[in-house]
Amino acid sequence: MQRFYITTPIYYVTDAPHVGTAYCTVNADAMARWHRLRGDETLFLTGTDEHGQKVADTAAKNNLSPQEWTDRTSARFVEAWKLLNISNDDFIRTTEERHTKSVQSFLSTIYDNGFIYKGTYVGPYCVDCEDYYTAENLLDGNCPVHGRPVIEMEEENWFFRLSAFQDRLLAHFESHPDFTTPETKRNEALSFIRSGLRDISITRTSISWGVPVPWDDRHVFYVWYDALINYLTAIGYGTEKDEMAQWWPHSHHLIGKEIIRFHSVWWPAMCMAAGIEPPHHVQVHGWLLVGGQKLSKSMGNDGPVRLGEIAPATLVDEFGVDAVRYYLLRNTALGSDGEFSIESVTARYNTDLANMLGNLVARVCAVVNTKCASVGPAPSPDSELLQFAHVTIDEVSSAWENFEPHIALEKTWTLIGAANAHLENFAPWKMEPGEAIDRVMGDALEAIRIISVLITPAMPDTADEIRRRIGLGAVTAQGDWNTLRTATYPGGLAVQKGEPLFPRIRSAA
RNA sequence: AGCGGCGUAGCUCAGGUGGUUAGAGCACACGGCUCAUAAUCGUGGUGUCGCGGGUUCGACUCCCGCCGCCGCUACCA
């Protein structure tokens, strides 16, 4: 039996869920669903990152305690993922006790191993921001946010000896060419490492909303060094329920390109320092751009882009959950940036879902109703359509395997096209009821059965609804995949047409 | 500035260790069909493969230069 452990980043609770976080989460979900379908033992983790100065500030602005604020915002993520039919097995919050413990345990191990030392951080500091800047980020020597002079500030910090891991990291990249994918992102991480690594400060004395440093109670850990460890907390790092050995060798971190450095440089080095293997794989995705720009809160609700209009809840409300999931998975190659627009969602919806998939199911069911007395016939053993379907299964399978959902769906849709062409070829609506028509419709139903399994990772509800209409039960985790090629549509089942699965959208939104 | 990437049909993008007529989807046009959600099926591309030069029998594919866009360059989720 194979195992598959996939994670999203834990989302920072200064912000509400938006299309960008939904994009990452839906992709991770589809991967998890694919692996469950294959029968792999699967663990899918997401959650929220709740420490740090910014959270404390945001809470204060809203007249709430940090804990109240994080409770509230974290719940919004839980709610959004429920709406998107996200099948996470666990939802971690960094303010949970299990996490505090594992952070302290993990970093204490690094400390004991001699990779953490006390030092002084010196740099330009803006009092208003309560934050350090690098010299090149200053505007005429002033704070880029406040435009006021910065002061040279010193702070006592605990430092992680990142510099000690440069060679080991390079060796790891060398011996694990697929550690970070796609390759362009791998190169980015590599060139960063090659340019020389400096030690990094990992604690703060200036704030208190964080995980206390066990060996020095005046410090809390800087939020990143707390956050990354969530991936280990969830599998019981350092506790009695330690499942490290089972899951960690099969770990996949799905992340946005803005946090490559943390996941592909800091994190493996920290793991090495703590005496464990680095994560197995970091899969990087690009950004969804709106009007060529990264999604961000600063777009607000009054500019040309109104974030409210593209909030996950709004989209689900307008297009339906599976259509949104399909769009996010299909429209953009994982790893590239993609342009997001309501117009393109509408186009995908009408072309791929209404015209192709929905209409295929509708026309097949309609013909079976009128020509086969609403009883679905069995397929012929070796039709051209079935042969094509089997090739498609292989292509789709390897695309999912390689973290290429857009290709998996593109290939799946060629089968839908082939099924439509199959109907045109034989024109069963012109035939008299009988053996010939049964063969044509049986082959079509068999194609639909296979399609229903192949779309399951992307559109689980639609898959089950399609199967219900042709008399089949819901897709089961392992049974349907194992028998996808060998079993066929059994025939003799009641077929019902039902309402359009994806009613066409007339006007561009 | 350094390092990296990108620039291919109206749009989104594939592709090529250099070799006959450069690909897909969408959009568009025409034809077929009328079972189906005015859906579907078939057919249709005179594109300087960013610009200039070089290597070569031959370059869109390799090399050099240039232009344009983007990413990373250390404490920013």
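Keep in mind that what you see is a predicted model, and the values were worked out from it rather than measured. For the numbers below, each heavy atom of this structure counts, side chains included, while hydrogens, waters and symmetry mates do not.
- Dashed line: the shortest gap from a side-chain N or O of Asn355(A) to OP1 or OP2 of rU40(B) is under 4.0 Å.
- Of the listed nucleotides (rC75(B), rU34(B), rA74(B)), rA74(B) has the atom at the smallest distance from the side chain of Trp266(A).
- Side-chain nitrogen and oxygen atoms of Arg504(A) include at least one within less than 4.0 Å of the OP1 or OP2 phosphate oxygen of rA39(B).
- Applying the 4.0 Å criterion to OP1 and OP2 of rU37(B), one finds that Lys497(A) has a side-chain N or O inside that range.
- Atom CZ in Arg261(A) sits about 8 Å away from atom C1' in rU73(B), given to the nearest Å.
- Comparing atom distances between the Arg198(A) side chain and each of rC75(B), rA74(B), rC35(B) picks out rA74(B) as nearest.
- Of the listed nucleotides (rC41(B), rU37(B), rU34(B)), rC41(B) has the atom at the smallest distance from the side chain of Asn420(A).
- Nucleotides rU46(B) and rU21(B) have their P atoms positioned 14 Å apart, rounded to a whole Å.
- With salt bridges taken as basic N to acidic carboxylate O contacts below 4.0 Å, one links Arg218(A) and Glu156(A).
- When each of rG32(B), rA27(B), rA77(B) is scored by its nearest atom to the side-chain atoms of Glu424(A), the top-ranked nucleotide is rG32(B).
- Here the side chain of Ile200(A) is nearest to one of rA36(B), rA74(B), rC41(B), namely rA74(B).
- For the atom pair CE (Met459(A)) and CG (Leu353(A)), the distance works out to 5.5 Å, reported to the nearest 0.5 Å.
- How far OH of Tyr231(A) is from CD1 of Ile10(A): 6.5 Å, rounded to the nearest 0.5 Å.
- Contacts of Tyr11(A) with the nucleic acid, taken as non-hydrogen atoms under 4.0 Å apart, are absent.
- Of the charged side-chain nitrogens involved, none lies within less than 4.0 Å of a carboxylate oxygen, so that Arg186(A) and Glu183(A) do not count as a salt-bridged pair.
- Distance NE2 (His422(A)) to P (rA36(B)): 18 Å, rounded to an integer number of Å.
- A stacked arrangement is assigned to Trp224(A) and the six-membered base ring of rA77(B), with a centre-to-centre distance below 5.5 Å and an interplanar angle below 30°.
- Taking the C1' atoms as reference points, rC57(B) lies 12 Å from rG18(B), given to the whole Å.
- When each of rU73(B), rU37(B), rC33(B) is scored by its nearest atom to the side-chain atoms of Trp429(A), the top-ranked nucleotide is rC33(B).
- Proximity of Tyr222(A) to the phosphate of rA77(B): a side-chain N or O atom is located under 4.0 Å from OP1 or OP2.
- Taking only side-chain atoms of Lys430(A), from C-beta outward, the nucleotide of rC33(B), rA77(B), rC35(B) with the closest atom is rC33(B).
- Closest of all the heavy-atom pairs between Lys411(A) and Thr392(A) is O-CG2, 3.4 Å.
- Screening Thr46(A), Asp49(A), Val103(A), Leu45(A) against Asn230(A) for a side-chain contact (heavy atoms from CB on, under 4.5 Å) leaves a single residue, Leu45(A).
- Mapping Thr184(A) and Ala427(A) onto RNA chain B by nearest heavy atom places Thr184(A) at the nucleotide closer to the 5' end.
- Between the P atom of rA77(B) and the NE2 atom of His285(A) lies a distance of 17 Å, rounded to the nearest Å.
- Within the 4.0 angstrom heavy-atom criterion, base atoms lie near Ser201(A).
- With respect to the salt-bridge test (charged N to carboxylate O, under 4.0 angstrom), the residues Glu424(A) and Arg363(A) qualify.
- Residue Leu197(A) places its side chain closer to rA74(B) than to any other of rG71(B), rA74(B), rG32(B).
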Q: Toss me the dot-bracket line for RNA chain B: Watson-Crick and G-U wobble, both under 3.5 Å, 5' to 3', using | for pairs to another strand and [ ] for crossers.
A: (((((((..((((.....[...)))).(((((.......))))).....(((((..]....))))))))))))....
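- When the salt bridge (Lys or Arg N to Asp or Glu O under 4.0 Å) test is applied to Asp394(A), the partners found at least two apart in sequence or on another chain are Arg485(A).
- The separation of rU61(B) from rG15(B), taken at their C1' atoms, amounts to 10 Å, rounded to a whole angstrom.
- Here Leu501(A) lies in heavy-atom contact (under 4.0 Å) with a base.
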